[in-house]
Amino acid sequence: MTTNDILDLMVAALVRKSGGSNRHWRLAIGPVAVYSSATHPHCNWSVSPSGSARDTAAIEQLLDSVRLSHPIVTDVRRPHAR
């Protein structure tokens, strides 16, 4: 799983659950930061959500389940289609 895959997964889940646009949720989630698996063996990635309290709460709630199912990602970035 790559950083873009994780971001795509979270955006799709948030659009389904909370509505809004892909763009809105991508901006609210922010970039996916990846850390070394040597120093972060249980989960090597994080995000820093921003936006309204409602948006941040929805993201934080989703993060719990996404981290359990996809704890390790690679930092391979591919451009998104426009």
Side-chain angles (χ1 to χ4, degrees):
M1 176 90 29
T2 66
T3 55
N4 284 331
D5 294 336
I6 286 290
L7 187 56
D8 291 345
L9 180 89
M10 289 191 298
V11 167
L14 288 163
V15 167
R16 275 192 312 272
K17 182 178 179 183
S18 301
S21 69
N22 288 354
R23 182 178 187 279
H24 169 81
W25 289 111
R26 282 187 193 285
L27 291 173
I29 295 168
V32 178
V34 177
Y35 308 102
S36 168
S37 293
T39 57
H40 295 78
H42 299 292
C43 184
N44 76 332
W45 63 274
S46 69
V47 296
S48 297
S50 63
S52 70
R54 177 186 164 277
D55 290 350
T56 303
I59 294 166
E60 291 290 343
Q61 184 177 17
L62 176 64
L63 281 173
D64 292 338
S65 63
V66 174
R67 283 188 181 120
L68 286 174
S69 58
H70 303 288
I72 304 296
V73 299
T74 57
D75 192 17
V76 177
R77 299 179 191 268
R78 59 180 159 76
H80 286 284
R82 292 188 190 249

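The model shown is predicted, which means the values in this text are computed figures rather than measured ones. Sequential numbering from 1 along the given sequence is applied to the chain's residues.
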Measure the spacing between CG of Leu14 and OG of Ser21 and express it to the nearest 0.5 Å.
11.5 Å
Restricting to pairs with a member in residues 39-71, which pass ring-ring contact (aromatic ring centres under 6.0 Å, His included), not counting sequence neighbours?
Tyr35-His40
Show the nearest heavy-atom pair for residues Gly19 and Trp25, with the distance to one decimal.
O-NE1, 2.7 Å
Thr39: what forms a side-chain contact (heavy atoms from CB on, under 4.5 Å) with it, not counting sequence neighbours?
Ser36
So, applying side-chain contact (heavy atoms from CB on, under 4.5 Å) with Ile29, which one of Leu62, Leu7, Leu63 is it?
Leu7
Not counting sequence neighbours, which residues clear side-chain contact (heavy atoms from CB on, under 4.5 Å) with Ala12? List them please.
Arg16
So, using side-chain hydrogen bond (donor to acceptor under 3.5 Å, both in side chains) as the criterion, who are the partners of His24 when residues are at least two apart?
Asp55
What residues, two or more places apart in sequence or in another chain, satisfy side-chain contact (heavy atoms from CB on, under 4.5 Å) together with Thr56?
Pro49, Glu60
Under 4.5 Å between side-chain heavy atoms, hopping through other hydrophobics if needed: is there a path connecting Leu27 to Met10?
no
Atom CD1 of Ile59 and atom CG of Asp64: how far apart are they, to the nearest 0.5 Å?
12.5 Å
Is the shortest heavy-atom distance from the side chain of Val34 to the side chain of Thr74 under 4.5 Å?
no
Taken in chain and number order and not counting sequence neighbours, the residues that satisfy side-chain contact (heavy atoms from CB on, under 4.5 Å) with Ile72 are Ser37, Asn44
May I ask you to decide if Thr2's main-chain N or O and Asp5's side chain share a donor-acceptor pair within less than 3.5 Å?
yes
Could you walk me through whether Arg23 and Val11 pass the side-chain contact (heavy atoms from CB on, under 4.5 Å) test, one step at a time?
CA-CA 9 Å; Arg23 182 178 187 279; Val11 167; over 6 Å; no
